[in-house]
Structures are given as C-alpha cells and as structure tokens.
Trainee: 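Below is one structure. I have some questions about it.
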2 protein chains.
Amino acid sequence: MDTTDATDTTDATDATDATATLETRELRYFLAVAEELHFGRAAERLGMAQPPLSRAIQQLERRLGVCLLSRNRRGVSLTGAGEVLLHEGRAALDATAAAARRTRRAGATGRPSGHRDRLVLALKAGASHELLHRLLDAYAAEPDAAEIEVLPCGMCEQEEMLRDGRADVALMHTPYNSLAGFDSEELMSEGRIAVLPAGHPLAKRRTLSLAEVGDIPGLPPARWPSHGTYAPGPGPEIRDQTQLAQLIALGRTVAVLPVSARAWLWAEHAAVPLTDAPPVVTHIAWPAHSRSLALAGLVRTATRL
Amino acid sequence: MDTTDATDTTDATDATDATATLETRELRYFLAVAEELHFGRAAERLGMAQPPLSRAIQQLERRLGVCLLSRNRRGVSLTGAGEVLLHEGRAALDATAAAARRTRRAGATGRPSGHRDRLVLALKAGASHELLHRLLDAYAAEPDAAEIEVLPCGMCEQEEMLRDGRADVALMHTPYNSLAGFDSEELMSEGRIAVLPAGHPLAKRRTLSLAEVGDIPGLPPARWPSHGTYAPGPGPEIRDQTQLAQLIALGRTVAVLPVSARAWLWAEHAAVPLTDAPPVVTHIAWPAHSRSLALAGLVRTATRL
DNA sequence: CTCTGTCATACCCGGCAGGTATCACCCGGG
DNA sequence: CCCGGGTGATACCTGCCGGGTATGACAGAG
C-alpha cells in the first residue's frame, strides 16, 4: 500500500454529510465535462475558462464524497458513479428547464388563477396528418378550448420536448417512440407498408414480409436517426420524409412505414402491405405529473375521436 | 389608471431573455414560500433571515418575467404561474435530489464501472408479504444478484421515494398508488374483501357489494391518508394496519382490503368477499429512465414468478 | 530532450448571497 | 382616532465564493 490511505482529505469529518444539495450550475458543468470528456472543450462550451471548471468539478466530487471522473493522463473517463450522474443529472436538468419554461408560459398569458390556456403539441413533422387534423378541429369546437400551438420536430425529439418543457403534449408512435415516463392514451393502430420504387419487381406483389423487405438486393433499407445517432448499416442515412421520398423514387432505398404514409407518397412510389410487421400505434402523451385543465380537455377530445 | 402602467421594470429590454436557468437554491426558496404562504416562516424553515428570502423571490420573478405570488396585505397567495412552478419545481427538486442520492450510492459501493450493486425496494409496510418473500428468495438465487435493501414506508410514500432517489424500485398497488411517471410490470391481481368485526350481522353473508359496505349504520369506513391528507368523512383516520385492525376489532369501523390481507387478520375479524370491487393489482415499478442492470434482473425475476 | 496537450494549482478580484436595522403598510383594539 | 403588532419591502454592509489569469506538473509523441 502507498502512503495515500483511502481519502486523504483529512478534514473530512463531515464528508457524506446530510443531503448535499447539488446546484444546477454544478449539474450543467458536470454534464458538459461528462459529454465532452475534456475539460478544455467543456469549458469552452460553457463559455468559461478551464481552471474554474476543474475546481467546480472537484468541489462537486468532494461534496458528494464520490469519484465521478477518472483523470487518466491523456483524457478523462467516467466512473460508474459518473455514469449514474450523467443520466440522472440530465433528467434533473430537463425537469428544471421544464419548470422554468412552463412557469414562464403560464405567466405570459397571465390570467389570475386559470392556469395557462395555451398548449404546445409536439409531433413528428408530417406524421399523423389526418388524425391531427381531426383532433384540432374537434378540440377547437370545444367550449373552453385552449389555443394549440403545433410544434413539428424531428424524428425522436418529442420525448425530449415533453421532458424539458418545450412542449406540453405530443403525438407519439410506438415502437418508434418510447412512452417511458409519460402518461398516454392510445389513439389508433395501423399496419405497415413497404414503400418501393414504382418500377421495382417486388412492387407487383400483393403482400410482403419484413424479411423480404430487409434483404432486397440493391435496395438497402433506409436508416433513421434514433436519439441522435444512426445504427450502422449499408442503407442511406435520412433525416426527413422528403429525403426519404426522393431516395425511394430514385431507386436507392426502401422503407417500412405506417399505412397512413400513403397520403404523401409520390407517383413514382409503390406501396405493398406487410404481413408480419408489428402495428404502429399512435398515442397522445404528456408529462405524468401535469395538472393542466386544458390538457385534460384535449386528451378527452382525442380519445373520443 | 395609475402611474404604474403594466410592467414598471423599465430596464426590461432583455426580459424573457433566452433560458433563465433557475438555480436549485431559488427553487428551494420558492417552494418554501409557496408552501408556507408566509415569508417569515419560510425563512425560518430555510434557516435564514426573511429579507434575503424576499429579495431572492423578487429576483426570481424578475428573471422569469413572471409574477409568482400576489402579496396582498395580510398574507401571500399563489398566482397561476406560481401554482405551475410549485408543481413543476417540486418535480425538478425531486429529480436533483434523486440524482445526488443515486450518484452517492453508486459511488459508495464503488466498483469501477459496474453501476451499483445494491437496490432499495420500497413497499407499503406489511403489504404483499407473500409475494415479496417469493420475489426476494427467487432473486437471491440469481447468479449475479444485487443486494436488496427493503425500505418499508407509509401508505402512499413509495411514489415519492422513487421520485427523489431514496428508492430504486417499489411494489405498488393500483388503484391505491399511481404509476404515473414510472415504468412498471404487473405482478398479480387479486379481489377484495370487506373486513368486519367478527360479531357483526353482515359477517355472516357469503358476499357483499361496495355499496353495502359503504353504508353500514354505525360502521363508517376507515379513511386512509392520500398524499398526506385525509378525505373528509365520518370514519376514523388511520395510519397503519395495526390501528386499522384494532379499530375493526373494536367494532368501530370497516375496511375494504385485498384478499391477501387475510394473512394478518385477527380472530376478532371477519372477512367477506366483495362482488363488485375493482381488483387490486400489484406492480413492480421503477423510474422510467433507469438503466441499472441489477434492477433489470430483479424485474425479470419478478415477472417470472 | 523538447514540445505539446492536458488537467491541477496559486492567486486575485468583483459580485452577490446573506445578515442587521429599519421602513411602509394594514389591521385590530382600546 | 391613535397605537401596537405583524407583515413584507428596502437600505446598507460584509464575507464568501465563483470566475479570471498565470503558471505548474506530467505524460506522450517525435
């Protein structure tokens, strides 16, 4: 054993004392470092110098009585506790940001005590056209309808939007989205189709199976970003429906989509029902602890469609 | 109109600027004031003087660009935005507290990167004896079983425990508990019984209905605390099973319980099955974003019982 | 051996969180 | 009608700490 026995902070008489209260500033700093794994870049991202950041992280570690980062020469890596704080801290910061945003919005339309009367609805750009239309029309006809702001977002961003308060309610599609942590109601369920170039031999088939679609020579299936990253594979990386539609029309890829996608297919596309694909279920989802009356009304309307 | 037209903060050129970042200290302060509705008591609870607290709240309101409290002479009350921040802020503070606790625990058993190997399981004291026993035994037999610490708590505290990180997983019983915001798996479902004093006339019945039990002359149904407060009603306010058992035995009240409660009934009790009570469903529940391997193992074991 | 890239240390400064003293105000009681 | 109690707001001061700059320690590449 070497001279440094255990914790060398000899003044640590009250280490691990009570509830060290974890300021959001510290969380922001730690998340930056944990994501960059580099104090310099993290400091730059935070708009501050590197030394105070180092010190802040050290203080955080001392206050928690836990080692979060292992500083090997040449780079930094997360310890087990660091990984835990990375996940939990993200959730905590999201919740804090959500509190600020929702409070500000509630005050902006400041009626004395009637909560807010404006809802932000997040959805995948272009998805659930038909359903959304019916929902908005039906809800607008309600007597005490709030104003609905539609917030189109990328493929999997709705969860983040709900979590950090940029949205109050979202339309989500399992199995693409995860409903973990939200309350939700099922709105509809639909089968899936394979979308092929119109001239492709398989386009004449009455039905297809997932296995057949996944293994067409020369037509690798398109890859969508899942939480910011693309799964490895041969297919093209696409970001939105327009890209996808074009690549299919050009005969470069194939995609599996809900049947409602027929609404926006091109003339150069062919759609073939899939026999064995699990259905796509559309849900309306909202933060589990929400207490908004307007939201409750919207959900009630949605479930009656 | 008087001189103060609308917002008198004339320097508010950059009000509602970007993301005002809401420190946890501010949240703590605001929650204290919002709960006490009294600056002096809130300051005392926070262990500080009243003037800095007033100032901090004012700064918070200015930074959010929102009025949170209406200071009527003689007392303080929440505005709409204030109520929103009360709810959202509680959630946010719980999340930060959870982050701190879980990180600290992860570091305490500090293995380099194997996450933590100790789970805290919260449950209603005395509930689900049988099921819990089988679960613990089965899980202990698993090859890589983590250590399980059982944390008995009051009637509806499991949700809070999960939210603020004092527990990692809980056994919950719908419809008593709400699963909102958690992931969960159903473990078992059971009917309910009315528990009466042994000598009571209705104790001879083969079955009863909810309506009959709710309206027995001289036997008002017991009232449980629901999130800290008791619903109004004539029945006695009880806090735990022992109190309840005693009051029933004394012929003062009647209760509707899951059939598994038969395990701890007294000789002076009589149990009659209910025909129309919705079943009690036992779930194992955990924070939606949890990534613990040990937790996954426990859930797998539980669903296989 | 030197140079470079990295994180830690040393030191200083300004802002702000917190304390004390006091004010402004309403309200109830004599 | 005036006065005292109780409330939150204001004024002012002070010490701490968050943040900056300069520099050190150390490992690896060449």
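Note that this is a predicted model, so its numbers are computed, not measured. Atoms considered below: every heavy atom in the structure, side chains included; atoms not considered: hydrogens, waters and symmetry mates. Order of the sequence lines sets the chain letters (A, B, ...), proteins ahead of strands, with each chain counted from 1.
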Trainee: Using whole Å, what does the distance between atom P of nucleotide D:dG19 and atom CD of A:Q58 come to?
Mentor: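 My rounded result for the distance is 15 Å.
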Trainee: More than 12 non-hydrogen atoms from neighbouring residues, nucleotides or ligands closer than 6.0 Å to CD on B:E23, yes or no?
Mentor: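 Check passes, neighbour count above 12.
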Trainee: Within the structure shown, what part of the strands sits under 4.0 Å from A:Q59 by heavy-atom distance: base, sugar-phosphate, or nothing?
Mentor: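 If one applies the 4.0 Å heavy-atom cut-off, A:Q59 turns out to touch the sugar-phosphate alone, with no base involved.
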Trainee: Using C1' atoms of five pairs at each end, report the bend of the helix from C:dC1-D:dG30 to C:dG30-D:dC1 rounded to 10 degrees.
Mentor: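 What I find for the helix from C:dC1-D:dG30 to C:dG30-D:dC1 is an axis angle of 10°.
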Trainee: Can B:R28 and A:T21 be counted as having a side-chain donor-acceptor contact under 3.5 angstrom?
Mentor: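 Note: B:R28 and A:T21 side chains meet the donor-acceptor criterion.
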Trainee: Within the modelled atom types, does a donor on one side and an acceptor on the other bring the side chain of B:R55 and the base of C:dG18 under 3.5 Å apart?
Mentor: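 Answer yes: a donor N or O sits under 3.5 Å from an acceptor.
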Trainee: OP1 or OP2 of C:dC7 versus the side-chain N and O atoms of A:H38: is any pair under 4.0 Å?
Mentor: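 For C:dC7, OP1/OP2 do have a side-chain N/O of A:H38 under 4.0 Å.
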Trainee: Of the residues in residues 44-53 of chain A, which ones touch DNA chain C at a heavy-atom distance under 4.0 Å?
Mentor: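 Nucleic-acid contacts, sorted: A:Q50, A:P51.
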Trainee: Would you say D:dA9 has OP1 or OP2 under 4.0 Å from some side-chain N or O of B:S54?
Mentor: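 Checking B:S54 against D:dA9: at least one side-chain N or O falls below 4.0 Å of OP1 or OP2.
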Trainee: Under 4.0 Å, heavy atoms only, any strand: does B:E23 hit a base, just the sugar-phosphate, or nothing?
Mentor: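 If one applies the 4.0 Å heavy-atom cut-off, B:E23 turns out to touch nothing in the nucleic acid.
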Trainee: Checking contacts here: which listed nucleotide (C:dA17, D:dG8, D:dG19) is nearest the side-chain heavy atoms of A:R25?
Mentor: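 Given the options C:dA17, D:dG8, D:dG19, the side chain of A:R25 is closest to D:dG19.
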Trainee: Say whether, by atom type as modelled, one donor and one acceptor occur between the side chain of A:R104 and the main chain of B:L64 under 3.5 angstrom.
Mentor: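 Yes, A:R104 side chain to B:L64 backbone: donor-acceptor pair under 3.5 Å.
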Trainee: Return the minimal non-hydrogen interatomic distance between B:A95 and A:A95, and the atom names on each side.
Mentor: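 The answer is CB-CB, 4.2 Å.
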Trainee: Could you tell me if A:S77 and A:S70 have a donor-acceptor pair between their side chains, going purely by distance under 3.5 Å?
Mentor: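 Result is yes, a qualifying pair exists.
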Trainee: Keeping B:R223 on the side-chain end and B:A231 on the backbone end, is there a donor-acceptor pair under 3.5 Å?
Mentor: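 Yes, the answer is positive, given that a donor and an acceptor are paired below the 3.5 Å cut-off.
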Trainee: Can a salt bridge be assigned to the pair B:E26 and B:R63 using a cut-off of 4.0 Å between side-chain N and carboxylate O?
Mentor: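 Counted as a salt bridge, because a side-chain N and a carboxylate O are separated by less than 4.0 Å.
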